[in-house]
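I have placed the structure first, in the form of structure tokens, so that the comments after it can refer back to it.
Letters go in sequence order (proteins before strands), and every chain restarts at 1.
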2 protein chains.
Amino acid sequence: MPRHSILDSLNDTLRKEALEKSRVMQFPPGQILFSAGQHCQGLPLVLGGRVKVQMTGVSGHSIVLYRMDADDICTLSIGCLMTGRAYRAEAVVEEAADAVMIPRGVFDRLMDQSAGFRLGIMESYGRRLDDLMLLVEEVAFRRMDKRLEEWLLGRAARGPVVITHQELAVELGTAREVVSRLLKELERRDMVKLSRGRIEVTGLLL
Amino acid sequence: MPRHSILDSLNDTLRKEALEKSRVMQFPPGQILFSAGQHCQGLPLVLGGRVKVQMTGVSGHSIVLYRMDADDICTLSIGCLMTGRAYRAEAVVEEAADAVMIPRGVFDRLMDQSAGFRLGIMESYGRRLDDLMLLVEEVAFRRMDKRLEEWLLGRAARGPVVITHQELAVELGTAREVVSRLLKELERRDMVKLSRGRIEVTGLLL
DNA sequence: GGGTTGAATGTGACTTTATCACTGAAGGTA
DNA sequence: TACCTTCAGTGATAAAGTCACATTCAACCC
């Protein structure tokens with residue numbers, strides 16, 4: 001039985017109908033949920049796992065925009081679903097994920113029938129807008145060394161971080177060389193230990 | 001009689017009710033529609049004029065996120081209205097604007113009763129997300145000289161651009177000195193003529 | 001084991017952008 | 001006219017991005 005808080009906001013009849021017409025799907029790590037240029041088939045409600053959403057610019061550079069995990073809604077899909085536009089970004093599964101895929105008709109019906117569902121959708125939208133606004137500010141004004149340190153701290157909680165410099169560059173929206181150099185500097189200062197595809201955070205405080 | 005396409009999507013009864021309970025407001029240039037930290041009083045439907053939405057980061061720097069003009073909906077307000085969060089950005093009137101302010105209760109009722117209204121709201125949200133995603137890419141990867149030239153071309157259509165270097169820096173999310181130097185270089189190449197608070201685009205092609 | 005290969009990382013040289021600290025210029029007003 | 005405030009110009013330096021190439025590592029195959 002899929003657990004997603006936006007489904008809790010539905011009454012029994014609606015929930016039953018929604019689940020009957022939707023499918024729970026499983027996605028292994030590495031799977032592309034959708035990519036730029038594709039059209040939307042339904043609204044994914046993420047039940048578990050983790051999915052990163054990134055976009056590639058005209059320049060060929062990529063940047064991670066945000067992540068989705070348990071209890072999230074794929075906000076990007078809503079716009080594509082309602083207006084028929086194509087995705088501009090790409091979603092890649094990081095940790096095996098499962099999601100309820102709500103087809104368009106059901107989505108329309110839920111929006112029509114349930115105030116709670118509408119609230120959930122709007123909340124999700126609002127949060128996403130906020131995230132992106134913060135990202136704009138971060139990219140435009142914050143220093144790369146601080147952003148890198150912060151990113152590492154956010155991941156260092158449980159053991160070493162498994163990631164390449166190139167992937168880390170996409171996380172931060174910068175170049176691989178910049179990441180390499182900043183990491184080397186941190187290593188010189190004994191704040192991290194580097195090995196191939198792996199960063200161990202040893203003494204890093206914000 | 002306010003003209004806004006999202007009102008056209010309502011049936012006569014709903015439109016009449018909505019307009020009775022809403023107020024058309026006028027805003028002179030320079031007026032702050034809302035600022036960061038404030039709470040939302042209602043959803044503005046922009047009828048005419050122009051409003052820029054910008055945010056100021058922790059660093060104290062500002063950047064323009066997007067603009068609203070005739071027939072736009074203040075997407076940011078929706079999230080704040082529905083979830084009770086405070087605004088994170090600031091909206092400043094550039095050209096005298098008028099807007100219908102829809103109070104929360106009416107908004108809820110329209111979302112409940114009108115599929116067309118819902119579609120309009122969702123479309124607006126989708127467009128805004130897209131805009132912000134493009135802005136992230138632009139800020140992260142594109143060169144400042146190209147962005148500046150593009151911005152100037154977007155404004156040069158009717159006569160000289162009246163703006164200070166500082167304001168232009170906020171448009172692009174960079175520092176005033178950077179704008180000054182890039183403009184000087186364009187002037188050396190006879191692509192613009194500079195005077196105090198004014199930029200005349202003479203020979204600039206993309 | 002030794003050799004080959006491709007991905008990942010290191011680094012120098014150089015350009016672009018950001019920051020800091022000023023100086024000078026324009027335009028309004030007492 | 002003298003003063004004052006805002007706007008613009010600029011040198012010095014640091015941070016970040018770009019390009020080109022060298023090196024290192026791990027996996028895989030004989």
So, does A/R196 get its side chain near the phosphate of C/dT9, meaning an N or O under 4.0 Å from OP1 or OP2?
no
Tell me: CG of A/L182 to C1' of C/dT11, nearest whole Å?
14 Å
Start at the 5' end of DNA chain C and walk down; is the nucleotide closest to B/H61 or to A/R188 reached first?
A/R188
Taken to the nearest whole Å, NZ/A/K146 to P/C/dT19 is 14 Å
Hey, does the side chain of B/S180 come within less than 4.0 Å of D/dA8's phosphate (OP1/OP2), counting only N and O?
no
Report the nucleotide, chosen from C/dT17, C/dA8, D/dA16, that has the shortest atom-to-atom distance to any side-chain atom of B/M144.
C/dT17
Given 3.5 Å as the limit, does a donor-acceptor pair link the side chain of A/D71 with the main chain of A/S5, or not?
yes
Less than 4.0 angstrom from a charged side-chain N to a carboxylate O is my criterion; do B/E187 and B/K184 meet it?
yes
Is a salt bridge present between B/E185 and B/R189, judged by a nitrogen-to-oxygen distance below 4.0 Å?
yes
Could you please name the option among D/dG9, D/dA16, C/dT16 that lies closest to any side-chain atom of A/R143?
D/dA16
If you only use heavy atoms from C-beta on, which nucleotide in D/dT10, C/dT9, D/dA16 is closest to the side chain of A/H165?
C/dT9
Looking at C/dT11, C/dA18, D/dG17, which one has an atom nearest to any side-chain atom of A/E177?
C/dT11
With a 4.0 Å cut-off on heavy atoms, is A/R176 in touch with a base, just the backbone sugar-phosphate, or nothing at all?
base
Derivation and outcome, salt bridge (charged side-chain N to carboxylate O under 4.0 Å, His left out), residues B/D108 and B/R104
CA-CA 6 Å; B/D108 286 344; B/R104 188 193 160 121; 3.4 Å; yes
Could you tell me how far apart A/Q166 (CD) and C/dA7 (P) are, to the nearest whole angstrom?
12 Å
Are the charged groups of A/R67 and A/E171 less than 4.0 angstrom apart, N to O?
yes
Any idea which of C/dA13, D/dT10, D/dC25 is nearest the A/R181 side chain?
C/dA13
Let me know the distance between CZ of B/R142 and P of D/dT18, rounded to the nearest Å.
13 Å
Taken to the nearest whole Å, CG/A/L168 to P/C/dT9 is 10 Å
To the nearest angstrom, the NZ-P distance between A/K184 and C/dG12 comes to 12 Å
To the nearest angstrom, how far is A/L194 atom CG from C/dT9 atom C1'?
10 Å
Between CD of A/E185 and P of C/dT11 the distance, given in whole Å, is 12 Å
